Amino acid sequence: MSEACSHDCSSCQQNCDSRKAPQDLREKPHELSRIEKVIGVVSGKGGVGKSLVSGLLAVAMSKRGYHAAVLDADITGPSIPRLFGIHGRAVVDELGCWPAETAKLGVKIMSVNMLLDNETDPVVWRGPIIAGSVKQFWQEVIWQDVDYMFVDMPPGTGDVPLTVFQSLPVDGIVVVTSPQELVGMIVSKAVKMAKMMNIPVLGVIENMSYLTCPDCGKKIKLYGESHVDEIAAKEKLPVLAKLPIDPALTALCDQGRLEDFEGDWLAETAERLKNL
Ligand code: ADP
């Protein structure tokens, strides 16, 4: 009997495949690394603010006294170094590869952009090479003393998320959506993938929920009514935050000054992460 047995395996003496422990494909980090918690940040499509949320989460945890890091697994669309104003190359010595550290809070960052001769060079690699480089970021980078590592995933459910979920000890996933997406489908896909990989989904963050009129303070829902509450409730997930569109934040992102952003928009998420 190999598939989906329906009896009590403990008494049948058969070695049912469906009861065997799944093969552990986790990779070891570098021997000098210490990484406590790993959080995956996922989205259904690009441009919804997933990298921004990864960066803001790292900033939120740093401001609460934790050591935070961002592993930029969005290999073909890396934007983490730009958000933090990091332009140099990663330092490699006889011990291994060292992540960059952000100027103010010392958030540790590793991204493919830090390995390219020119950060505007495109990464034109096939899927397995891309997924392999994410594994290398985990295994060969020295992540010394990290309390919370945020993994900024590429959008969708392709090769890289699968590799990350299989190879890294992911403690939870945060789903980033925006009101103009087919949120229901995206959230269900993320939840199903997470279930398949036995990883808890911590909740949903809706970005670009509204814009506050600078003159009258009214909240303008640029993309219409959000459905994130009902969809999250259907999946029994909390909505962790609804983030406004803030032109001042866009400017800080463009200037590589995310750390200077004063808003504590992800306070509730940070509290949950503390108790993880
Ligand atoms: P993704 O990772 O989903 O592709 P990003 O996080 O890179 O998207 O977001 C793209 C850019 O959009 C950011 O660098 C930032 O300039 C802008 N942006 C995203 N969300 C907001 C927001 N809530 N307010 C202002 N600008 C935002």
Side-chain angles (χ1 to χ4, degrees), residues 39-60 68-87 102 107 109-114 119-120 122-123 130 134 137 149-158 160-161 164 173-183 185-187 189-190 193 203-214 217 219-224 226 228 239-270:
I39 312 296
V41 183
V42 308
S43 70
K45 63 171 195 167
V48 299
K50 171 186 50 63
S51 303
L52 175 76
V53 167
S54 304
L56 285 175
L57 283 170
V59 168
V70 185
L71 188 160
D72 188 355
D74 196 350
I75 301 290
T76 55
S79 46
I80 293 295
R82 183 183 63 88
L83 292 177
F84 288 99
I86 289 169
H87 300 286
T102 62
V107 175
I109 307 276
M110 186 65 205
S111 169
V112 77
N113 262 12
M114 293 158 50
E119 63 182 23
T120 56
V123 172
I130 292 176
V134 173
F137 284 177
M149 171 186 278
F150 298 96
V151 182
D152 184 21
M153 304 279 199
T157 51
V160 167
V164 169
I173 294 170
V174 172
V175 185
V176 183
T177 66
S178 73
Q180 80 269 44
E181 287 179 290
L182 293 168
V183 180
M185 194 176 70
I186 283 152
V187 173
K189 276 187 202 262
M193 185 172 196
V204 184
I205 294 177
E206 184 179 73
N207 188 27
M208 306 186 194
S209 289
Y210 59 92
L211 175 77
T212 305
C213 171
K219 284 185 180 177
I220 303 163
K221 295 185 177 163
L222 274 183
Y223 301 111
S226 153
V228 73
V239 176
L240 299 169
K242 291 181 183 173
L243 312 182
I245 298 172
D246 180 352
L249 177 58
T250 315
L252 287 176
C253 291
D254 289 347
Q255 294 160 13
R257 293 174 48 215
L258 185 61
E259 288 179 293
D260 292 336
F261 183 60
E262 306 259 303
D264 195 16
W265 288 354
L266 296 175
E268 190 190 324
T269 316

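For clarity, every value in this text was computed on a predicted model and none was experimentally measured. Sequential numbering from 1 along the given sequence is applied to the chain's residues. Every number for a ligand or one of its atoms is a count from 1 in the order of the listing.
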- Query: side-chain contact (heavy atoms from CB on, under 4.5 Å) between Met153 and Val151: does it pass, once the steps are laid out?
  - Reply: CA-CA 6 Å; Met153 304 279 199; Val151 182; 4.1 Å; yes

- Task: Could you tell me whether ligand 1 has any atom less than 4.0 Å away from a heavy atom of Pro244?
- Result: yes

- Message: Any atom of ligand 1 sitting under 4.0 Å from a heavy atom of Gly46?
- Response: yes

Before signing off on this row, confirm whether [X] and ligand 1 have an N or O atom pair separated by under 3.5 Å.
| X | result |
| --- | --- |
| Lys50 | yes |
| Leu243 | no |
| Asp74 | no |
| Lys45 | no |

- Message: Counting neighbours of NZ on Lys221 that are heavy atoms of other residues, nucleotides or ligands and sit closer than 6.0 Å, is the number greater than 12?
- Response: no

- Do the non-hydrogen side-chain atoms of Asp72 and Phe150 ever get within less than 4.5 Å of each other? no

- Task: Determine whether Phe84 and Ile109 make a side-chain contact, defined as any pair of heavy atoms from C-beta on separated by less than 4.5 Å.
- Result: yes

- Item | Asp246, Asp72, Val53, Thr250: member with heavy atom nearest to atom 27 (C) of ligand 1 | Thr250

- Nearest heavy atom to atom 21 (C) of ligand 1 wins, so pick from Leu211, Leu258, Leu52. Leu52

- Met193 and Val42: CA distance, side-chain angles, deciding distance, side-chain contact (heavy atoms from CB on, under 4.5 Å) verdict: CA-CA 11 Å; Met193 185 172 196; Val42 308; over 6 Å; no

Name the closest protein heavy atom to [atom], giving the residue it belongs to and the distance to 0.1 Å.
| atom | value |
| --- | --- |
| atom 4 (O) of ligand 1 | Gly47 N, 2.7 Å |
| atom 14 (O) of ligand 1 | Arg82 NH2, 3.0 Å |
| atom 7 (O) of ligand 1 | Ser79 OG, 3.6 Å |
| atom 8 (O) of ligand 1 | Gly49 N, 3.2 Å |

- Query: Under the 4.0 Å line, does any protein heavy atom show up next to atom 10 (C) of ligand 1?
  - Reply: no

- Item | Protein non-hydrogen atom below 4.0 angstrom of atom 17 (C) of ligand 1 present | no

- Note on the structure: By side chain to side chain donor-acceptor pair (under 3.5 Å), Ser226 pairs with (sequence neighbours left out) Glu206

- Number the atoms of ligand 1 from 1 as they appear, then name those within less than 4.0 Å of a heavy atom of Met208, with their elements. 19 (C), 20 (N)

- Query: Roughly how far apart are Met149 CE and Ser54 OG, rounded to 0.5 Å?
  - Reply: 12.0 Å

- Message: Show, in sequence, the C-alpha distance, side-chain angles and deciding distance for Val48 and Thr177, and conclude whether the side-chain contact (heavy atoms from CB on, under 4.5 Å) test is met.
- Response: CA-CA 6 Å; Val48 299; Thr177 66; over 6 Å; no

- For ligand 1, note which part of Cys253 has a heavy atom under 4.0 Å away: side chain, backbone, both or neither. side chain

- Message: Taking 4.0 Å as the limit for heavy-atom contacts, which would you say applies to Asn207 with ligand 1: side chain only, backbone only, both, or neither?
- Response: side chain

- For residues Asp152 and Ser51, is any side-chain donor paired with an opposing acceptor at under 3.5 Å? yes

Which donor-acceptor pairs under 3.5 Å do the side chains of residues 242-253 make with protein atoms, sequence neighbours left out?
unit_1: Lys242; atom_1: NZ; unit_2: Asp229; atom_2: OD2; d: 2.7
unit_1: Asp246; atom_1: OD1; unit_2: Ala248; atom_2: N; d: 2.9
unit_1: Thr250; atom_1: OG1; unit_2: Asp246; atom_2: O; d: 3.3

- Task: Please check if the side chain of Thr212 supplies one atom and the backbone of Gly217 the other of a donor-acceptor pair under 3.5 Å.
- Result: no

